[in-house]
Novice: 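I'd like to ask you about the structure that follows.
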Amino acid sequence: MHHRLLVRQLQRLMGNDFLPDERWNSFLELVSNYYHEVDRERGLLENALTVNNEELEVANTQLRAKVESEEALLRSFTNSIPEDLFFAKSMDGLYTLCNEVFAHVMGMTEKEIVGKSDAQLLGSDKVEFLRALEREVLDTGKRNVQDEWITHPDGSQHCIEMLRAPYFGVDGKPLGLIGIGRDITDKKQVDEKNYKLANFDSLTGLPNRHSFFEKLEHEIRQADRARLSLVLLLIDLDQFKEINDTLGHLVGDLLLVEAASRISACTRESDTVARLQGDEFTVILSRVKDLKDMELVAQKIIERLGEPFQLSDSVVYVSASIGISVYPQDATEVEELLKSADDAMYEAKRQGRNRFSHFTPGLQTAPQERLHMITDLRAAILENQFHLHYQPIMDMVTGHIRMAEALVRWDHPTRGIIMPRDFIPLAEETGLIVQIGDWVFHEAARWAGRWNEFLPGGFQVCVNISAMQFRAEGAASQMKWIEHLKTHSIPGKCIVVEITEGVLLNADEDALKMLANFRNADIQVAIDDFGTGYSSLAYLTKFDIEYLKIDKSFINSLSKDVRDTALCEAILVTAKKLGLQVVAMGVENHLQNEMLDKFGCDFVQGYLYSRPILAEQLDAILRHGAMGR
Ligand code: C2E
Ligand code: CA
């Protein structure tokens, strides 16, 4: 075998890249041949040296020179690939050859390395492992590739993809082992980055959908082994879309980051918090012993997310709806478990948000039903399948009906009357609320105009407006409402718009402009469901608010719950001082009525006086004055 040719072949094989499989095999074969040749020539040399003959002396000198030059050639070859480490070892683990890169990495010279073992050079715990590994390579004759982290003499850490393979003599017996290594630190870092990109959400740093599923699979296996349950919480931020649309993506992003950290802070180290998409987060509570714990965690998350978020210049408020499903009780498959949690989450939204809900098999049809509902809702708008009920609101002092709240109902062609709690949340999510709200306003204004005409003290109809209607599309509608009132000569004063605190708390410029437009048109504003949210009276004075409607949950616990009773009284006293008029909602009995009267409440609304009734019914009552306590 011609050595020069061999080295050239080697060089060609090495190329610039690390050797692919088939090229590596050829490389090994060539190296084996090379060593075999060198060995044979060394043998010849040694034999020749024993014969003391001048003629042979000359031949031997030539032969030695040749071997040396071949060795030099191999050395220059192994050094010519600057990126790669190269070494060869004998059967007993002594270095027989190495290139400059290898020597550099070891912080030694080639001379210091050759003839020594790893034990002599490294003197660390790694030695035993390496020796065992190399023994295996030699015993099995199989190559081994593995990543090894090494420390360069300058202290920097490098990852080396190290390939070890035996080389064989012509008789097929291994002669030793060669190692070739490539520095893949950069690639490793890129891989790590890609791994992160593939498995983690870049915004919040939480595991993403992909790794959530992997983790869930893993946790299910663990739960099986420990014979324990596993709980999945699916968390959705209720007002995220509005905030993102009104305050911009930057604030939306900040909100998600902060929400992620609040959710994480409510869980244990062993739990997994992941971001599935948009404003949807999940928590895997692993190996749960007591199922009561899950409700504590869910409640804690709801409370934490309900606290104000200070994001750049804005303070925003959100609430969360959480769906809970349990493995293996609710579902045994990953997808199914997530779907169950999703169904439960929609149930929580349907029940009014800012709460958690458990999966129950009855919910299983929900998503399909949702789709049907959306289709039906669109048809309902086109075919005008809505009607309004009006619930009278009594003036505490005069005992007369002074206002009425317009409450929408849906006359579904096959399902009968559907109540707002069963379709308003869906209408809000899909944006259809804008069109529905448009119809509600025009219909309510029509009656408000009429009642106002013949009632001497004036009359007001209250219209519920969702936060969603304060966004771009809704805003355009509201300008038309004001036009509509003008063209039909309906005084703005006979309309009250009911908004929730959330609208004010998250109000951007557009929302403020809209409120100003209402005020300029004489339309008054009421804060609905007061007491369930942030409930800051001082905050409300910044806006032009006429009425405060105290949530029925307070009225319900009047006299039953000391704290709620005190709170109710405090709200009334403070509201008075701030010049706000108070409407108590959900008044069902005389006791509540008396207490409210004593606290100085201005208006009451509830089943005690009347359930919501048709416009024609209210019209008759207003004309003939047939209603009282
Ligand atoms: P809300 O604004 O809190 O409306 C009051 C709800 O309390 C009404 O339910 C009413 O029927 C009920 N209610 C009145 N008095 C009593 C009482 O004494 N006891 C009890 N337990 N309940 C009483 P309804 O009609 O089912 O409306 C539910 C919600 O749907 C409303 O809550 C409102 O937020 C929303 N909604 C209704 N109509 C519209 C609408 O046209 N647009 C929008 N955006 N939302 C609407
Ligand atoms: Ca209301």
Novice: Does a side chain donor of either Glu588 or Asn556 reach within less than 3.5 Å of an acceptor in the other side chain?
Specialist: no
Novice: Are any of the side-chain heavy atoms of Asp271 and Ile284 separated by less than 4.5 Å?
Specialist: no
Novice: For Lys339 and Asp343, what are the C-alpha separation, side-chain angles and deciding distance, and is it a salt bridge (Lys or Arg N to Asp or Glu O under 4.0 Å)?
Specialist: CA-CA 6 Å; Lys339 198 181 142 295; Asp343 292 349; 3.5 Å; yes
Novice: Among all residues two or more places apart in sequence or in another chain, which pass the side chain to side chain contact (heavy atoms under 4.5 Å, CB included) test with Pro612?
Specialist: His389, Gln391, Leu407, Arg409, Tyr607
Novice: Looking at side-chain heavy atoms only, is the closest gap between Leu618 and Trp451 below 4.5 Å?
Specialist: yes
Novice: What heavy-atom pair brings Gln469 and Asn464 nearest, and what distance separates the two atoms?
Specialist: OE1-O, 4.2 Å
Novice: What's the verdict on side-chain contact (heavy atoms from CB on, under 4.5 Å) for Leu234 and Ile322, showing C-alpha distance, side-chain angles and the deciding distance?
Specialist: CA-CA 5 Å; Leu234 186 67; Ile322 302 184; 6.0 Å; no
Novice: Ignoring hydrogens and geometry, is there a side-chain-to-backbone donor-acceptor pair from His488 to His484 under 3.5 Å?
Specialist: yes
Novice: Is Lys349 close to Leu426 at the side-chain level, that is, under 4.5 Å between some pair of heavy atoms?
Specialist: no
Novice: Sequence neighbours excluded, which residues qualify as side chain to side chain contact (heavy atoms under 4.5 Å, CB included) partners of Asp602?
Specialist: Lys576, Gln581, Val582
Novice: Listed by chain and number, what are the side chain to side chain contact (heavy atoms under 4.5 Å, CB included) partners of Glu509, not counting sequence neighbours?
Specialist: none
Novice: From Leu388 CG over to Glu405 CD, what is the distance, rounded to the nearest 0.5 angstrom?
Specialist: 10.5 Å
Novice: Any idea which heavy atoms bring Phe359 and Ser340 closest together, and the distance?
Specialist: CD1-O, 3.3 Å
Novice: Is any side-chain heavy atom of Pro207 closer than 4.5 Å to one of Phe200?
Specialist: yes
Novice: Determine whether Tyr547 and Gln460 satisfy the following criterion, side-chain hydrogen bond (donor to acceptor under 3.5 Å, both in side chains), listing intermediate values before the conclusion.
Specialist: CA-CA 12 Å; Tyr547 301 103; Gln460 290 183 306; 2.6 Å; yes
Novice: Which one of Leu237, Ile243, Val318, Asn244 satisfies the side chain to side chain contact (heavy atoms under 4.5 Å, CB included) criterion with Asp279?
Specialist: Leu237
Novice: I'd like to check Asn593 versus Met396 (side-chain heavy atoms, cut-off strictly below 4.5 Å). Are they in contact?
Specialist: yes
Novice: Strictly by salt bridge (charged side-chain N to carboxylate O under 4.0 Å, His left out), give each pair with a member in residues 375-386 just once, sequence neighbours left out.
Specialist: none
Novice: Indicate yes or no: at least one non-hydrogen side-chain atom of Leu256 is less than 4.5 angstrom from one of Phe240.
Specialist: yes
Novice: Taking only residues two or more places apart in sequence, or in another chain, which ones meet Glu443 in a salt bridge (charged side-chain N to carboxylate O under 4.0 Å, His left out)?
Specialist: Arg446
Novice: Who are the side-chain hydrogen bond (donor to acceptor under 3.5 Å, both in side chains) partners of Ser321, not counting sequence neighbours?
Specialist: Asp238
Novice: Report yes or no: does Thr204 contribute a side-chain atom to a donor-acceptor pair with the main-chain N or O of Leu206 at less than 3.5 Å?
Specialist: yes
Novice: Taking the side chain as every heavy atom from C-beta outward, state whether Thr565 and Ser557 have any atom pair closer than 4.5 Å.
Specialist: no
Novice: Please list, chain by chain and in numerical order, all residues satisfying side-chain hydrogen bond (donor to acceptor under 3.5 Å, both in side chains) with Gln239, sequence neighbours excluded.
Specialist: Ser319
Novice: Begin with the C-alpha distance, continue with both residues' side-chain angles, and end with the deciding distance and a verdict on side-chain contact (heavy atoms from CB on, under 4.5 Å) for Gln524 and Ile495.
Specialist: CA-CA 7 Å; Gln524 295 186 330; Ile495 301 285; over 6 Å; no
Novice: Would you say the side-chain atoms of Trp447 and Asp619 include a donor-acceptor pair closer than 3.5 Å?
Specialist: no
Novice: Do Asp330 side-chain atoms and Val326 backbone N/O form a donor-acceptor pair below 3.5 Å?
Specialist: yes
Novice: Side-chain polar contacts of residues 416-424 - donor-acceptor pairs under 3.5 angstrom, sequence neighbours left out - could you list them?
Specialist:
from: Asp422; atom 1: OD1; to: Arg350; atom 2: NH1; distance (Å): 2.0

Novice: Look up atom CD1 in Ile555 and atom SG in Cys568, then write down how far apart they are to the nearest 0.5 Å.
Specialist: 4.0 Å
Novice: Check Asp201, Leu338, Thr282 against Arg209 for a side chain to side chain contact (heavy atoms under 4.5 Å, CB included) and give me the one that passes.
Specialist: Leu338
Novice: Could you report the tightest heavy-atom contact between Leu432 and Ile374, atom names first, then the distance?
Specialist: CD1-O, 4.3 Å
Novice: What pair of heavy atoms forms the shortest contact from Val461 to Ala406, and how long is it?
Specialist: CG1-CB, 4.1 Å
Novice: Could you walk me through whether Phe599 and Val573 pass the side-chain contact (heavy atoms from CB on, under 4.5 Å) test, one step at a time?
Specialist: CA-CA 8 Å; Phe599 295 157; Val573 171; over 6 Å; no
Novice: With sequence neighbours excluded, tell me which residues meet side chain to side chain contact (heavy atoms under 4.5 Å, CB included) with Ala380.
Specialist: Gln385, Phe386, Trp410
Novice: For residues Ile235 and Val283, report the shortest heavy-atom separation together with the two atoms involved.
Specialist: CD1-CG2, 3.8 Å
Novice: Judged by atom type as modelled, is there a donor-acceptor pair below 3.5 Å linking the side chain of Arg355 to the main-chain atoms of Arg353?
Specialist: yes
Novice: Treating Asp551 as the side-chain partner and Phe554 as the backbone partner, does any N or O pair qualify as donor plus acceptor under 3.5 Å?
Specialist: no
Novice: So, taking the atom named CG in Leu548 and the one named CG in Leu580, what distance separates them when rounded to the nearest 0.5 Å?
Specialist: 5.5 Å
Novice: Of the non-hydrogen atoms in Phe459 and Cys494, which two are nearest, and what is the gap between them?
Specialist: O-CB, 3.0 Å
Novice: Sequence neighbours left out, what pairs pass side chain to side chain donor-acceptor pair (under 3.5 Å) with at least one residue falling in residues 250-267?
Specialist: Glu258-Arg262
Novice: Name all residues meeting the side-chain hydrogen bond (donor to acceptor under 3.5 Å, both in side chains) criterion together with Thr414; count only those two or more places apart in sequence or in a different chain, and write none if there are none.
Specialist: His412
Novice: Has Ser314 got a side-chain atom pairing as donor or acceptor with Gln310's backbone, closer than 3.5 angstrom?
Specialist: no
Novice: What I want to check is whether the side chains of Gln605 and Lys549 have a donor and an acceptor closer together than 3.5 Å.
Specialist: yes
Novice: Please answer whether the main-chain N or O of Glu307 pairs with a side-chain N or O of Arg304 as donor and acceptor at a distance below 3.5 Å.
Specialist: no
Novice: First locate atom CD1 of Ile527, then atom CD of Glu546, and finally report the distance between them rounded to the nearest 0.5 Å.
Specialist: 11.5 Å
Novice: Is the shortest side-chain heavy-atom distance between Val604 and Val583 below 4.5 Å?
Specialist: no
Novice: Considering only NZ, NE, NH1 and NH2 on the basic side and carboxylate oxygens on the acidic side, decide whether Asp522 and Lys493 come within less than 4.0 Å.
Specialist: no
Novice: Would you please test Val496 and Ile523 for side-chain contact (heavy atoms from CB on, under 4.5 Å) and show each step?
Specialist: CA-CA 6 Å; Val496 176; Ile523 295 174; over 6 Å; no
Novice: If you look only at distance, which donor and acceptor atoms sit under 3.5 Å apart when one is on a side chain in residues 291-301 and the other is two or more places apart or in another chain?
Specialist:
from: Glu295; atom 1: OE2; to: His358; atom 2: NE2; distance (Å): 2.6
from: Gln299; atom 1: NE2; to: Glu303; atom 2: OE2; distance (Å): 3.3

